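For reference, the structure discussed in these notes is given below.
Please read all numbers here as calculations on a predicted model, not as lab measurements. First the proteins, then the strands, lettered A, B, ... as listed; each starts at 1.
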Amino acid sequence: MEAHHHAHAAFHLTGRLADEHLTAIEGHGLVPALFSGYRDLTELRYDYPLVLVEAPIEGRFVESLSGVMDEVLAHVAGGSNEDRIRMHVLRLESGVRALVATGATIMLSEAWETVAKELATIDDGIADSLAYARMFLAVDGMLVDCGQSTASQVLTHAWNVAYAGRAASFADTMARLTVGLVEILEADFENSAEARSAENLKASFGSGPMDQFDFDAMSRILTDARPPMTLPGSRRHRIEQLVEVLRSQQFYADPATGGAAPYSFVFHHCVDALAAFRDRLTAAVEVTKALAVGSLEVSGLYDEAKHDQLFASFGETGLDPSDLALFPDYLVLLNVADMTAEELEQLSQVLSSGLPFKVLVQTDDVIEPAAIGEGISALALASHRLTSMAMGLGDVYVLQTTSSHVLRVRDEVTGSLAHHGPALISVFSGTGAEAPGIPPYLVSSAALEARVFPQFVYDPSAGADWASRFSVADNPQAEADWPIHEFCYEDAQNQSVCEKVPFTLVDFVSFDRRYVGHFADVPVDAWSPALVNVDAIVGRSSRADVDQLPCLLMAADDGTLHKVIVDESVIREARRCRSMWSSIQELGGIHNSHADRLLAAAEAEWQANMQEQLAAMMPAAVVAVETTEIVDGRAEAEPSPAEADSAPESTRNPDEPYIETPRCSTCNECTQINGKMFAYNENQQAYIADLKAGTYAQLVEAAESCQVSVIHPGKPWDANEPGLEDLLKRAEVFI
Amino acid sequence: MGIAATECLLEMYDERRSLEDYQKGVPRWCTGCGDNAILAAVQRLLRDEGLRPEKTVFVSGIGCSSRFPHYLNTYGFHGIHGRALPVAEGVKMARPDLTVFVNTGDGDCLSIGAAHWIHAIRYNMNLTVFLHDNQIYGLTKMQASPTSPIGTKSNTTPRGSYLDALNPLTVTLGVSNVSFVAQAVDWIPESLYQIVRAAYEHKGLSFVRILQRCPEWLPKSLEPWMQDPDKIQLLHHENALRVSDQLAMVYKNHRKHDPLDMLDALDIASDLERIPVGILYQNKDVPCYEDTRHSDVLRSDDLVRHGLEHEFDKYAV
């Protein structure tokens with residue numbers, strides 16, 4: 001056993017097979033043990049194939065075939081033939097899945113008909129079941145399997161849906177504005193002599209006994225009664241230009257007029273997208289300006305004196321993101337494998353522009369040849385670099401996922417397209433792996449599980465901080481270094497054994513032919529307790545000893561279980577992968593070191609305070625009671641400055657004439673008596689504007705006339721006014 | 001689809017208008033007429049809300065109060081007797097973007113226009129209706145109106161009227177779909193303004209009965225309530241209006257009333273001793289007729305042409 005261990009340790013350290021106790025794994029068809037249940041995906045119900053839903057409702061632009069079928073089955077539930085129909089629909093689903101797996105490009109409805117026809121040859125009952133279930137198939141769309149073009153197909157479809165929404169909204173706005181603007185011109189025409197000519201009036205009457213009516217007389221009357229106002233020439237010219245700009249725009253197809261062919265917005269190089277944006281900017285400014293001026297015109301708010309100058313320089317500094325949102329976004333589809341240094345530079349320009357470019361960067365192979373030395377490779381470094389750079393810019397919506405999980409990020413894809421700014425969508429397809437017999441769905445799913453290509457979303461519009469913007473929550477077991485799954489098998493004694501098995505980077509590379517040399521199969525008789533799960537070794541900071549060796553559970557085609565030793569170089573990569581995942585976790589608020597430190601400091605401070613308070617509790621309590629009493633007593637004795645300010649104001653001098661203005665009911669009595677002495681304020685309520693503009697007699701008369709008795713005459717200002725004695729007596733009741 | 005640039009520009013040029021900008025002509029009403037107070041309160045509302053004159057319409061029927069649109073620098077429609085409400089409904093249906101007010105008197109609304117009044121309440125279109133109730137036909141020089149107190153001597157009732165006055169509040173409260181009923185008096189400007197404003201802010205038909213003096217033909221009719229502030233009952237509630245300190249100094253009779261409590265509203269409206277002032281009933285959940293019938297389809301030339309042809313085809317021989 002000692003000899004076995006030495007041989008295993010030697011392989012682990014050097015990666016060389018020098019012993020008969022170990023064999024190479026190449027050609028044995030080994031796959032990670034956790035894959036053993038997923039050899040034939042067509043037999044399983046899972047996310048794929050996807051249905052790219054036409055005319056989707058509530059943003060559900062993509063559905064899984066299983067999900068669609070479940071909806072159909074929900075409608076047949078409860079019926080007398082439920083079990084039979086369910087069984088037949090599931091057979092159809094399996095048939096459709098198999099059909100799509102052959103590479104067929106087909107709509108769901110067509111696939112249903114094709115498979116249903118095949119199944120109907122087996123049994124008439126199946127045909128009945130499927131014909132009945134077909135009535136409940138509510139959606140249709142292209143079927144897409146997980147493969148090389150999945151991400152671009154799904155994103156292009158989502159973009160098309162968003163485009164259609166914007167096009168409809170734009171067409172509606174444009175139609176309403178155009179109708180409003182044309183109505184202004186038509187209203188002006190109706191006032192013209194031409195519109196009121198006898199010929200025109202006659203034409204407007206259609207058919208009938210036309211000779212019974214004198215259109216010349218009618219024209220004379222209507223022409224004489226024309227309103228004097230006509231549309232100013234400058235306004236007419238402006239409105240005609242607006243209509244022309246709106247009708248000739250090329251950002252969307254015009255369903256009403258056909259018009260010029262609309263621009264294309266899907267590109268395969270950043271440079272083309274940038275050039276197109278630049279070329280169309282002037283047109284975009286013109287259309288935005290036309291929409292803005294048009295809506296002002298239709299509302300009757302356009303004022304040449306104010307607006308002409310402003311609109312003359314409109315758009316010189318570009319357009320606001322919310323204005324750009326009127327137009328389609330620019331979709332750029334890239335593949336990491338084809339990206340040159342120049343393309344990278346342009347991508348960086350695109351993302352830092354703040355403009356609505358939506359960029360898909362697809363990665364087919366995460367194992368990238370390194371620039372330094374043979375045998376050193378990088379895992380998904382290009383996408384990592386791109387997403388880090390994009391998130392650093394602050395206003396870029398960043399989404400990273402794998403093809404296997406595209407359906408699960410449906411809302412995030414919609415969010416990236418709705419974002420008023422650039423978006424980077426990084427997707428790993430899994431098609432570049434050298435793993436014969438393992439479908440891209442499994443490869444891409446494994447990359448996400450193994451933290452090689454983690455899923456995350458950075459949404460700048462979700463809030464101001466990272467906690468609001470960034471999330472890694474949708475990764476499997478996001479709190480852990482690696483997801484742990486239960487794996488059960490039958491041992492040599494035919495007993496069921498279950499154990500917790502991690503899925504790590506080592507599992508991910510184990511089925512790639514380029515890595516087979518880093519693994520060695522251990523014969524069953526050489527299995528020992530020294531062979532431990534990979535995560536136990538990776539969890540150590542560095543190579544400490546070789547008492548324990550990292551080992552992987554793998555399954556062969558024949559269903560036998562193998563233990564495979566991993567060499568040190570792969571473990572190093574796994575450590576690096578875990579470190580990168582830890583950084584991403586921290587950004588996502590999981591095991592955040594800053595937060596942990598602050599929390600520890602706050603806890604320590606709180607505990608120290610509590611200790612102090614406990615120590616001083618008894619004497620402090622006594623002092624507190626006494627202090628409260630003193631403070632309360634003083635508060636009662638002396639009013640606070642604020643209270644002193646709000647004390648009732650001194651009573652008014654009864655000799656001074658005044659009006660209770662807020663109670664005046666605007667009845668005009670006083671202003672009729674003397675319009676200079678009494679006047680109305682800004683609320684049309686009376687006050688004494690100029691006491692000396694009238695006599696005391698008028699003041700008393702106004703007081704007597706006032707129906708709400710709010711005029712108080714006070715004492716006369718002119719002691720020499722005749723009849724004062726009588727007036728003072730009459731005024732007494734109003735003082 | 002909002003156009004950000006336009007919104008910014010509108011904010012830049014948000015014009016402030018003064019009360020004078022809404023005034024037009026010199027009112028011909030008698031000195032001391034309550035219509036003056038109502039006009040002042042409404043002009044204040046227009047100014048404070050910054051309503052655009054070209055987007056505001058006052059519709060009236062016939063009578064003293066119906067001269068109201070002449071004194072406002074907005075659009076106006078001086079209609080025919082009793083028909084202010086259907087005209088206003090037509091305006092609102094055709095131009096839902098306009099703010100539509102209705103001024104109608106007790107004779108105009110409650111007599112010849114009674115059928116329109118009942119159905120306008122039931123339709124609950126977004127209109128603000130002011131019932132100028134001076135309890136008499138003033139413009140035609142003193143004939144008894146439906147709200148004239150029993151015993152009112154007038155040209156048509158020289159021995160005094162024989163019938164109890166109609167209570168516009170209880171009638172309105174009894175109509176299906178009623179959504180806002182308030183009462184104000186012209187001689188308490190502060191509460192008049194508060195109620196006018198609340199009525200404007202309510203979405204639905206706001207029916208405001210304003211008791212107003214007629215110094216020419218019924219100068220004594222409301223005097224008992226004007227002379228005794230305790231006979232004015234101010235309604236208040238956290239979901240309606242509050243009584244200011246200034247008002248509370250003069251008017252000490254207050255009643256807390258939930259504007260959703262219909263039974264309490266009917267009880268208040270039936271009180272003939274006191275004049276309740278405030279919001280008697282308000283239900284914001286009653287749908288507006290124009291909203292239930294609204295279609296967002298653009299009326300393009302083609303649509304209109306197709307619609308007409310479709311209709312004409314029905315009569316093709």
Using non-hydrogen atoms and a 4.5 Å limit, figure out which bit of A/Glu186 sits close to chain B: side chain, backbone, both or neither.
side chain

Part of A/Cys706 within contact of chain B (heavy atom distance under 4.5 Å)
neither

Among A/Asn668, A/Asn683, A/Val179, single out the residue with the greatest number of heavy-atom pairs under 4.5 Å to chain B.
A/Asn683

Relative to chain A, which of B/Met226, B/Arg47, B/Glu190 shows the most heavy atom pairs under 4.5 Å?
B/Arg47

Shortest non-hydrogen contact between A/Ser299 and B/Arg52, atoms and distance:
O-NH2, 2.7 Å

Among the listed options A/Cys664, A/Gly300, A/Ser709, the residue most often paired with chain B at heavy-atom distances under 4.5 Å:
A/Cys664

How many angstroms lie between atom OH of B/Tyr193 and atom CD of A/Gln685, to the nearest 0.5 angstrom?
11.0 Å

For the residue pair B/Asn36 and A/Thr666, what are the closest heavy atoms and their distance?
CB-O, 2.7 Å

Derivation and outcome, side chain to side chain contact (heavy atoms under 4.5 Å, CB included), residues B/Asp296 and A/Arg176:
CA-CA 11 Å; B/Asp296 204 32; A/Arg176 282 172 199 280; 3.6 Å; yes

Measure B/Val297 against the heavy atoms of chain A and call it side chain, backbone, both or neither at under 4.5 Å.
backbone

Side chain / backbone / both / neither for B/Pro219 at chain A, heavy atoms under 4.5 Å
neither

Heavy atoms of other groups near A/Lys676 NZ, more than 12 under 6.0 Å:
no

Toward chain A, the part of B/Asp301 with a non-hydrogen atom under 4.5 Å:
side chain

Verify the neighbour count for atom CZ of A/Phe734: are there more than 12 heavy atoms of other residues, nucleotides or ligands below 6.0 Å?
yes

Taking the side chain as C-beta and beyond, is there a heavy-atom pair between B/Arg44 and A/Gln684 under 4.5 Å?
no

Nearest heavy-atom pair of A/Glu682 and B/Leu19: which atoms, and what distance?
O-CD1, 3.3 Å

Residue part contacting chain A, namely of B/Ile188, when any heavy atom lies under 4.5 Å
neither

Do we see a donor-acceptor contact under 3.5 Å between the side chains of A/Gln707 and B/Arg213?
yes

If you count every heavy atom of other residues, nucleotides or ligands that lies below 6.0 Å from A/Gln309 atom CD, does the total exceed 12?
no

At a heavy-atom separation under 4.5 Å, does B/Glu20 approach chain A through its side chain, its backbone, both, or neither?
neither

Between B/Ala37 and A/Ser665, what is the shortest heavy-atom contact and its length?
CB-O, 2.9 Å

Heavy-atom pair with the smallest gap, counting every atom of A/Pro662 and B/Gln246
CG-NE2, 3.5 Å

Interface moiety of A/Gln672 toward chain B, non-hydrogen atoms closer than 4.5 Å
side chain

Other residues, nucleotides, ligands: >12 heavy atoms within 6.0 Å of B/Tyr75 OH:
no

When you look at NE2 of B/His306, are more than 12 heavy atoms from neighbouring residues, nucleotides or ligands closer to it than 6.0 Å?
no

If one checks every heavy atom of B/Glu223 against chain A at 4.5 Å, the contacting part turns out to be neither

